[in-house]
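Lettering follows sequence order; numbering is per chain, from 1. Small disclaimer: the values here were computed from a predicted structure and weren't measured.
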Protein chains: 2
Amino acid sequence: MKSYKIPEATIARLSVYSRFLSQVEVQGLELISSGEIAEGSGVSPAHVRKDLAYFGEFGTRGVGYNVKELHKHILKILGLDEKWKVVLVGVGHLGAALAMYRGFRDRKFDMVALFDVDPNKVGKVYEGIAVSPFEQLEKVIKENNVDIGIITTPASEAQKVTDIFVQAGVKAILNFAPCVLTVPYHIELRNVDLAVNLEVLTFNIASKQKK
Amino acid sequence: MKSYKIPEATIARLSVYSRFLSQVEVQGLELISSGEIAEGSGVSPAHVRKDLAYFGEFGTRGVGYNVKELHKHILKILGLDEKWKVVLVGVGHLGAALAMYRGFRDRKFDMVALFDVDPNKVGKVYEGIAVSPFEQLEKVIKENNVDIGIITTPASEAQKVTDIFVQAGVKAILNFAPCVLTVPYHIELRNVDLAVNLEVLTFNIASKQKK
DNA sequence: TAGATTGTTAATCGATTAACAATC
DNA sequence: TAGATTGTTAATCGATTAACAATC
């Protein structure tokens with residue numbers, strides 16, 4: 001594995017390829033070309049080959065890629081050959097939905113616990129996992145060596161949650177609260193802003209109409 | 001307004017600036033500099049100025065930007081001075097969460113109706129909006145001149161929903177199903193893949209550990 | 001005028017794409 | 001060998017950033 005800086009978009013695409021390859025694997029197909037992966041993933045064949053080239057040579061010239069092997073390689077690259085321990089804080093509508101989200105559950109993510117400050121929510125069970133009181137957050141993370149923390153609280157609470165995450169030793173944070181978080185350099189942080197998506201669309205529609 | 005091709009990232013950032021400016025406006029601050037906007041939005045001051053420069057001159061050299069005016073300008077740019085009619089199809093956990101999501105509701109989005117094929121879900125009410133039977137989708141879109149369709153169905157149903165959206169005349173589609181959709185060129189399509197986010201994080205953690 | 005901050009340019013950086021040599 | 005498809009290079013394209021002239 002060479003140490004080029006790998007574009008984040010490449011990683012996101014690898015994740016898409018891997019989901020497509022799952023389907024193809026179920027269908028029992030053995031070989032696949034970069035063109036077919038590209039079509040199934042909504043990108044160009046050059047993209048597929050370039051993305052893979054960052055990590056090695058997985059195909060056979062003139063032939064294509066072995067579906068099962070390539071899929072395994074990509075999962076390994078993404079770190080999805082390991083189990084990752086996750087907690088989620090803020091069991092509102094979005095938090096509850098994510099706690100039960102198949103896209104998270106189907107992968108190797110192990111949802112260890114859910115947390116909320118609201119006593120009315122504590123004790124509720126989502127997909128077999130009960131909501132714990134917020135006060136136990138740090139303890140649970142430390143005792144279970146949790147890797148990733150998900151924030152689905154209001155923006156006003158997000159930094160406080162983040163500080164506890166950091167204090168307790170999570171390696172990465174996925175933040176759905178619309179705010180700017182401060183974390184030490186060694187913590188991976190990814191912000192997802194759902195509202196932005198509709199606004200990109202309205203901009204696109206509006207600017208078309210102006211033409 | 002010049003007709004440079006504007007980076008999508010610029011639009012996404014404008015959306016973030018506008019949310020930050022809302023807060024600042026509430027606090028009653030009158031003037032703000034690119035540096036302050038940058039800090040509040042987690043980007044660089046150069047970014048803020050460049051992003052705004054695509055659309056005009058909104059500040060005063062040596063002084064800064066008038067918060068209220070700038071905010072209004074950005075909302076206008078994003079098309080958020082108009083009301084947009086939205087429908088959502090697939091009232092599972094994620095769909096229900098989005099239907100009730102403040103980030104969508106706070107803006108000028110008008111959720112016209114929710115749809116599901118499941119008779120057990122039809123009639124349920126979310127934030128004052130009842131779930132309608134899927135068969136009525138096309139009719140409702142046409143009668144209400146719906147602008148945007150949101151898809152939160154399983155991937156297997158997403159193309160079928162898309163085709164009805166297109167047929168009925170929506171202008172844009174926001175797709176949360178993990179699949180590649182085909183739409184005519186004049187329809188704006190934005191795919192949001194929630195699962196990708198955790199996988200980018202696991203990649204980052206895993207590649208750090210290998211170093 | 002001195003200080004401050006914008007708007008804009010030009011340089012840098014990075015990602016995408018096309019094309020083709022390598023090779024099955 | 002002829003046909004096919006990968007892996008890789010080099011060209012293109014686009015976005016970020018630093019720097020500074022303009023100007024309040």
Side-chain angles (χ1 to χ4, degrees), chain A residues 1-17 21 24 29-71 73-74 77 196 200 203-204 207, chain B residues 1-17 21 24 29-71 73-74 77 196 200 203-204 207:
Chain A
M1 194 172 301
K2 291 162 206 161
S3 64
Y4 300 152
K5 223 202 59 197
I6 293 148
E8 193 171 282
T10 286
I11 307 307
R13 282 191 300 264
L14 284 173
S15 163
V16 175
Y17 305 156
L21 289 174
V24 173
L29 204 63
E30 277 207 16
L31 280 174
I32 197 163
S33 69
S34 57
E36 291 166 313
I37 297 171
E39 209 193 322
S41 308
V43 302
S44 73
H47 245 148
V48 173
R49 296 202 298 277
K50 189 89 222 270
D51 288 337
L52 293 173
Y54 285 109
F55 301 98
E57 306 190 1
F58 306 116
T60 308
R61 292 170 196 227
V63 178
Y65 302 89
N66 178 295
V67 173
K68 266 194 171 173
E69 276 180 28
L70 180 61
H71 188 199
H73 277 298
I74 295 181
I77 291 167
V196 163
V200 170
F203 169 81
N204 285 338
S207 43
Chain B
M1 193 173 302
K2 291 163 203 158
S3 66
Y4 301 151
K5 223 200 59 198
I6 292 147
E8 194 170 283
T10 286
I11 306 308
R13 281 191 301 263
L14 285 174
S15 163
V16 175
Y17 305 157
L21 289 175
V24 173
L29 204 65
E30 276 207 17
L31 280 174
I32 197 163
S33 68
S34 57
E36 292 166 314
I37 298 171
E39 209 193 322
S41 309
V43 304
S44 73
H47 245 148
V48 172
R49 295 202 300 276
K50 189 89 223 271
D51 288 337
L52 293 173
Y54 286 109
F55 301 98
E57 305 190 2
F58 306 115
T60 309
R61 294 171 195 224
V63 178
Y65 303 88
N66 177 294
V67 173
K68 267 194 170 173
E69 276 181 27
L70 181 61
H71 189 199
H73 277 299
I74 295 181
I77 291 167
V196 164
V200 170
F203 169 81
N204 286 338
S207 42

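Atom CG in Leu31(A) sits roughly 15 Å away from atom P in dA4(D) (whole-Å rounding). Across the protein-nucleic acid pair, Arg61(B) atom CZ and dT5(C) atom C1' stand 9 Å apart, rounded to whole Å. Look at CZ on Phe58(A): it is 12 Å from C1' on dG7(D), rounded to the nearest Å.
Between Tyr65(B) and dA4(C) there is no side-chain N or O to OP1 or OP2 distance below 4.0 Å.
Between the CZ atom in Arg49(A) and the CD atom in Glu57(A) there is a gap of 13.0 Å [rounded to 0.5 Å]. Separation of atoms NZ (Lys50(B)) and OG (Ser34(B)) is listed at 14.0 Å; rounding is to 0.5 Å. With values rounded to the nearest 0.5 angstrom, Lys68(A) atom NZ is found 14.5 Å from Ile32(A) atom CD1.
With sequence neighbours excluded, the residues satisfying side-chain contact (heavy atoms from CB on, under 4.5 Å) with Glu8(A) are Arg190(A), Val200(B). Annotation: side-chain contact (heavy atoms from CB on, under 4.5 Å) contacts of Val16(A) (sequence neighbours excluded): Ser41(A), Asp193(B), Val196(B). With sequence neighbours left out, the side-chain contact (heavy atoms from CB on, under 4.5 Å) criterion links Thr10(B) to Ile6(B), Pro7(B), Arg13(B), Leu14(B), Asp51(B), Tyr54(B), Phe55(B).
In DNA chain C, stems built from 3 or more consecutive Watson-Crick or G-U wobble pairs, each with both distances under 3.5 Å, span C:3-24 with D:3-24.
Environment of CD in Glu36(B): crowded, with over 12 heavy atoms of neighbouring residues, nucleotides or ligands closer than 6.0 Å.
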note = A correct 5'-to-3' footprint of nucleotides 14-20 of chain C, with B, S and - meaning base, sugar-phosphate only and no protein heavy atom under 4.0 Å, is SSSBBB-

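Between Pro45(B) and Ala38(B) the shortest heavy-atom distance is N-CB, 3.4 Å.
Within the 4.5 Å cutoff, no side-chain heavy atoms of His71(A) are placed close to those of Tyr65(A). Inter-residue side-chain proximity for Tyr17(A) and Leu70(A) is flagged as unmet; no heavy-atom pair is nearer than 4.5 Å.
Against DNA chain C, the stretch residues 32-42 of chain B makes heavy-atom approaches under 4.0 Å through Ser33(B), Ser34(B).
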